[in-house]
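Worksheet: one structure, shown below.
FYI, the numbering just counts along the sequence from 1.
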Amino acid sequence: MIMLPKHDNVRSKTEEPGKLKLKEKNRIQTVAFWEATVVWTGALTFGLAIWLMVWLFKEDAKLFSDKLEVAWRLMVIAGSLLTFLTIVWRGSIATQQVEQQRLQLASITKQIAQTEHNNLANLLEKGVNLVSEEERQKFEAGLILITHVATSGDSQLSLAAFNMLSQFTQNLQYQERPHLYKLASRYMEKAREAHGV
């Protein structure tokens, strides 16, 4: 009896759940920090603008031009600081979105690889079942499936399929079934080329 390698159903294991939650929590805290900083800076800038307006029009009209110069410089500084903080906040949001997309892509890539592995394992199993049939067409279909898996490039299953194909070929030679042996040998050569043997 030929033993097939075990394969799992499709399940993605991207990162440890605790690590993922911690990273996500840190990212959210960073975005929340910059958002709060922008809101407070905006509120302080607005408060500064109101204070400057009161200060400008209060008391001495002779000093108005000097006060106006100080006021617009302070407002430019406050506006620049608010703009800078807003850019940093938006950048942290964009970074968070890119990181989430990267994690989703990694998860999807692992799921696809696992699905391909499972599909190859199912093909190998079907191939083994078909090779055990007496009809030549089913036998050849089984050889084709096993050869496909052997040449697939899946590190675990292709070696198992190659070994199975080799075993089938040797068994046919010893059983003195020349027509099936020639057929199996032809597919064995394809598998050898793929493995560089």
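Interatomic distance, T95 OG1 to Q97 CD, rounded to the nearest 0.5 Å: 9.0 Å. The distance from the CG atom of L123 to the OG1 atom of T147 is 12.0 Å, given to the nearest 0.5 Å. In this structure, L124 CG and N119 CG are separated by 12.5 Å, a value rounded to the nearest 0.5 Å. The NE2 atom of H117 sits 15.0 Å away from atom NZ of K110, with the distance rounded to the nearest 0.5 Å. The CD1 atom of I108 sits 10.5 Å away from atom CD of Q101, with the distance rounded to the nearest 0.5 Å. With rounding to the nearest 0.5 Å, the separation of CG in L105 from CD1 in I112 is 8.5 Å.
Of all heavy-atom pairs spanning L120 and S152, the tightest one is CD1-OG, 3.5 Å. Closest approach of V149 to A161, counting heavy atoms only: CG1-CB, 3.7 Å. Residue L130 comes nearest to A141 through the heavy atom pair CD1-CB, 4.0 Å, listed as atom of the first residue, atom of the second, then distance. Contact between F162 and A150 at its shortest, heavy atoms only, is N-CB, 3.8 Å.
Linking ILVMFWY side-chain heavy atoms closer than 4.5 Å, directly or via other members, places W40 and F33 in two distinct hydrophobic clusters.
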Evaluation steps, side chain to side chain donor-acceptor pair (under 3.5 Å), between Q114 and N118: CA-CA 6 Å; Q114 187 64 43; N118 291 343; 3.2 Å; yes
From CA spacing to verdict: side-chain contact (heavy atoms from CB on, under 4.5 Å), M164, V131: CA-CA 11 Å; M164 284 180 205; V131 165; over 6 Å; no
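Applying the salt bridge (charged side-chain N to carboxylate O under 4.0 Å, His left out) rule to pairs touching residues 29-39 yields nothing, sequence neighbours excluded.
If you chain together ILVMFWY residues whose side-chain heavy atoms come under 4.5 Å of each other, V54 ends up in a group of its own.
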Please tabulate, one pair per line, all N/O donor-acceptor pairs under 3.5 Å involving side-chain atoms of residues 70-91, not counting sequence neighbours.
residue	atom	partner	partner atom	Å
R73	NE	E69	OE2	3.4
R73	NH2	E69	OE2	2.8
S80	OG	V76	O	2.8
T83	OG1	G79	O	2.8
T86	OG1	L82	O	2.7

